[in-house]
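Let me begin by presenting the structure, written as structure tokens, before commenting on it.
Per chain, numbering begins at 1; letters A, B, ... match sequence-line order. Given the structure is predicted, the values throughout are model-derived calculations rather than measurements.
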2 protein chains.
Amino acid sequence: MNSSAADRAYAEVRGLILSGDASPGTPLREEALADIVGVSRTPIREALRRLEAELYAVRTRSGRLVVADWDVDDVAEMFALRAMLEGHAAARAAVRMTACELDQLKACNVDLEAAIAASEPDIAGFLAANRRFHDIVLRTSASVRLTTMLAGLVEQPIVRRTATRYDRSDLERSALEHGQLIQACAARDAEWARSVMTAHIRRALHAFRAASPSK
Amino acid sequence: MNSSAADRAYAEVRGLILSGDASPGTPLREEALADIVGVSRTPIREALRRLEAELYAVRTRSGRLVVADWDVDDVAEMFALRAMLEGHAAARAAVRMTACELDQLKACNVDLEAAIAASEPDIAGFLAANRRFHDIVLRTSASVRLTTMLAGLVEQPIVRRTATRYDRSDLERSALEHGQLIQACAARDAEWARSVMTAHIRRALHAFRAASPSK
DNA sequence: CCATCCATTTTTGTATACAATAGCGGCCAC
DNA sequence: GTGGCCGCTATTGTATACAAAAATGGATGG
């Protein structure tokens with residue numbers, strides 16, 4: 001969509017970080033990245049500033065950027081913040097949800113259930129449907145600030161997990177909890193929606209921890 | 001402290017916005033700002049990107065940045081988010097607080113009380129002490145992510161208020177609530193601290209609303 | 001009088017050149 | 001052999017030049 005050089009640079013460098021291709025501690029040198037992405041330093045700088053603001057990268061004393069290293073506490077904190085903020089988003093969404101958006105939510109969850117119904121679950125399909133589900137909630141919450149704040153928070157723990165195994169029971173629980181959220185939204189019950197979403201994210205934290213290679 | 005051209009540009013442009021010198025809707029043209037600040041467009045761009053990320057400015061379809069216009073709902077949402085996040089920070093801080101930091105908090109509140117004790121309250125002194133108080137809590141929470149997310153949230157509603165009158169009872173209530181937070185931290189009670197801080201911010205929202213010129 | 005189209009001008013996006021500074025390695029003295 | 005100093009290199013910060021896209025203005029036709 002946004003295919004400016006700076007946006008491509010952002011996506012590409014973030015990809016390097018999330019894929020583990022650039023492991024924590026790796027220096028992010030502007031010129032080197034410019035060569036990789038095929039643009040000049042200017043859009044690279046812009047991308048790096050965004051990544052720094054989202055804490056994908058940290059600045060060593062004086063200038064140098066390196067890939068950030070998230071320990072277990074960091075990840076737990078990210079989930080805690082996400083639980084609060086997405087809970088808040090769900091509460092706002094519940095009272096703003098129209099029939100149309102409710103239908104979209106239901107359709108999303110149908111897709112999600114379909115993705116995990118097969119004997120071999122379709123993880124990519126699950127993640128896509130899950131992502132759409134949460135995006136709809138966020139959009140319905142109608143708070144640009146919330147959306148902005150959550151933007152840098154959702155991707156991060158997911159991708160580190162690509163190598164790890166997804167437990168089927170976790171996937172099924174997700175579908176169940178999404179169903180509960182749909183109920184809460186249908187009932188226009190903000191606090192119910194908040195509770196369900198908060199619980200949903202906090203469970204995801206523990207699922208993530210259990211699946212983590214290094215405890 | 002950070003006196004690079006980009007940081008000065010950020011501070012100066014943000015000052016223009018918060019002072020109302022650049023009113024909502026005013027276009028933020030890079031070259032014009034470069035002339036004002038006395039640097040080239042490059043650091044100005046960097047500053048504008050930060051201001052955009054913090055929603056001080058919004059981007060009209062295709063490129064142009066204009067000063068953002070916060071309506072009452074926006075401000076309410078900012079306070080709600082701040083209440084959640086600072087509440088979380090207080091909860092974390094309560095269990096991490098050392099005697100040293102507790103003393104700093106107490107000292108801050110002594111200053112704050114001194115600032116409002118005079119017959120004519122020292123608003124600037126109050127704001128400074130208040131700021132230090134919240135900064136200590138945030139620092140003690142030991143979450144860089146939380147600190148980053150709150151950074152763009154605390155300044156914004158305050159300065160719009162420079163013209164409005166501060167009610168003495170509100171100032172006194174602030175001092176009282178800070179005292180309660182100190183108690184909660186002394187007791188290492190995370191949920192008590194969270195509740196006090198959340199209530200503190202939410203009261204501030206209503207004080208702000210009451211003092212707002214345009215209701 | 002109003003809408004539309006084209007040219008000009010303004011404004012942003014990107015690339016590159018230059019300046020400043022920190023890091024690094026070698027060399028020398030001890 | 002080790003520690004400190006000096007010069008060089010690598011890297012970021014800033015300025016400027018150029019390209020692209022969009023707004024503005026006026027002229028023109030209806």
Taking CG from A:L65 and P from D:dT11, how many angstroms apart are they, rounded to a whole number? 13 Å

Please report the distance, rounded to the nearest Å, between CD in A:E30 and C1' in C:dT16. 14 Å

5'-most contact on DNA chain C (nearest-nucleotide basis), B:R29 vs A:V39, goes to B:R29

Electrostatic pair A:R50:A:D7 at N-O distance under 4.0 angstrom: yes

Does a salt bridge link A:R82 with A:E86, judged by any charged N lying under 4.0 Å from a carboxylate O? yes

Between A:E52 (CD) and D:dG13 (C1'), how many Å, whole number? 14 Å

Looking at the side chain of A:S4, which of D:dA15, C:dT14, C:dT12 is the nearest nucleotide? C:dT14

Check this one for me: any side-chain N or O of B:R45 less than 4.0 Å away from OP1 or OP2 of D:dT16? no

Separation of A:L28 atom CG from D:dT11 atom C1', in whole Å? 13 Å

Go through C:dG13, D:dT16, D:dT12 for me and flag the one nearest to the A:R59 side chain. D:dT12

Which sits closer to the 5' end of DNA chain C, A:G38 or A:R64, going by the nucleotide each is nearest to? A:G38

So, is A:T42 close to the C:dT14 phosphate, meaning a side-chain N or O under 4.0 Å from OP1 or OP2? no

Consider only side-chain N and O atoms of A:R45 and B:T42, and report whether a donor and an acceptor are under 3.5 Å apart. no

Expressed as a whole number of angstroms, how long is the span from A:R41:CZ to D:dT16:P? 16 Å

Whole angstroms only, please: what is the CZ-P distance between A:R61 and D:dT11? 16 Å

Between B:D35 (CG) and C:dT10 (C1'), how many Å, whole number? 14 Å

Can you spot which of A:E46, A:E54, A:R49 makes a side chain to side chain donor-acceptor pair (under 3.5 Å) with A:Y10? A:E54

Between A:E177 and A:S174, do the side chains contain an N or O donor and an N or O acceptor separated by less than 3.5 Å? no

Write down the distance between CD (B:E31) and P (D:dC18), rounded to a whole number of angstrom. 15 Å

